[in-house]
Amino acid sequence: KQEVTQIPAALSVPEGENLVLNCSFTDSAIYNLQWFRQDPGKGLTSLLLIQSSQREQTSGRLNASLDKSSGRSTLYIAASQPGDSATYLCAVEKGNDYKLSFGAGTTVTVRA
Amino acid sequence: DGGITQSPKYLFRKEGQNVTLSCEQNLNHDAMYWYRQDPGQGLRLIYYSQIVNDFQKGDIAEGYSVSREKKESFPLTVTSAQKNPTAFYLCASSPGTGPDTQYFGPGTRLTVL
């Protein structure tokens with residue numbers, strides 16, 4: 001069974017600092033990996049999707065890398081802002097069956 | 001506006017009652033999903049459906065039931081057999097072909113009194 005772990009569980013940084021969020025998974029035979037953002041009491045919003053054949057994806061201040069062989073992904077958020085405060089979840093899809101396995105998330109607080 | 005709607009936003013249930021959570025999408029997506037989220041845990045898959053009139057159990061299907069009679073609708077019933085139903089329930093959909101993200105609704109918070 002695929003296990004997805006996110007460390008740390010919570011992170012607090014001053015505004016302007018770069019954020020580094022980690023995700024690890026136990027089974028490297030994945031189809032893709034996704035990063036989501038969740039605001040308190042809300043649904044999830046997709047940030048980035050990395051297919052298994054890709055090493056990274058970028059969108060604005062966000063960059064996500066994928067190392068399948070080591071079972072790791074990292075989400076980088078440059079020049080953090082208070083509006084980046086949220087919980088960030090990673091999820092992996094094992095096969096082409098659309099089923100996702102989620103980590104518990106990292107809750108980020110960016111202090112003004 | 002295209003998207004996924006869930007209702008109600010908050011739901012209270014007495015022990016022994018069945019309740020049904022609504023999920024509707026107008027994205028013309030083939031696949032739909034139900035997840036449960038508990039504090040400090042990741043989302044866990046309850047049921048999913050890749051096509052109308054077909055659905056499969058996820059990792060924690062016991063005590064839940066679903067139907068998929070229409071492409072745009074995927075209601076979830078939490079039955080009295082579910083021992084610990086208090087949680088945040090999220091519905092999602094995806095196109096169902098090729099690698100694509102899942103699109104989530106705003107969620108329903110169910111509390112058992």
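Convention: sequence-line order gives letters A, B, ...; per-chain numbering from 1. Treat the numbers as computed from the prediction; the structure is a model and nothing was measured.
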**Item:** Partner set under salt bridge (Lys or Arg N to Asp or Glu O under 4.0 Å) for A/Lys68, not counting sequence neighbours
**Value:** none
**Asked** Does NZ in B/Lys71 sit with more than 12 non-hydrogen atoms of other residues, nucleotides or ligands closer than 6.0 Å?
**Response** yes
**Request:** May I ask you to check whether over 12 heavy atoms, not counting those of B/Arg13, lie within 6.0 Å of atom CZ?
**Result:** yes
**Request:** Check whether A/Leu44 gets within reach of chain B through its side chain, its backbone, both or neither, counting any heavy atom under 4.5 Å.
**Result:** both
**Request:** Please confirm whether the backbone N or O of A/Asn63 pairs with a side-chain atom of A/Thr58, one donor and one acceptor, at under 3.5 Å?
**Result:** no
**Request:** Please flag which part of A/Gln38 lies under 4.5 Å from any non-hydrogen atom of chain B: side chain, backbone, both or neither.
**Result:** side chain
List the atom pairs, donor and acceptor, that lie under 3.5 Å between side-chain atoms in residues 39-48 of chain B and the rest of the protein, sequence neighbours left out.
unit_1  : atom_1 : unit_2  : atom_2 : d
B/Arg44 : NH2    : B/Asp38 : OD2    : 2.8

**Message:** For the interface with chain A, which of B/Tyr35, B/Phe88, B/Phe104, B/Tyr33 has the highest count of heavy-atom pairs at distances below 4.5 Å?
**Reply:** B/Phe104
**Item:** For chain A, which residues of residues 54-61 of chain B have heavy atoms nearer than 4.5 angstrom
**Value:** none
**Prompt:** Does a sphere of radius 6.0 Å around NZ in A/Lys1 hold more than 12 heavy atoms from other residues, nucleotides or ligands, not counting ones at 6.0 Å or beyond?
**Reply:** no
**Asked** Do B/Glu24 and B/Ser73 have a side chain donor and acceptor closer than 3.5 Å?
**Response** yes
**Message:** Among residues at least two apart in sequence or on other chains, which ones pass salt bridge (Lys or Arg N to Asp or Glu O under 4.0 Å) with A/Arg111?
**Reply:** none
**Prompt:** Which answer fits B/Tyr103, side chain, backbone, both or neither, if we ask what part of it has an atom under 4.5 Å from a heavy atom of chain A?
**Reply:** neither
**Atom group of B/Gln37 that falls short of 4.5 Å from chain A, counting heavy atoms** = side chain
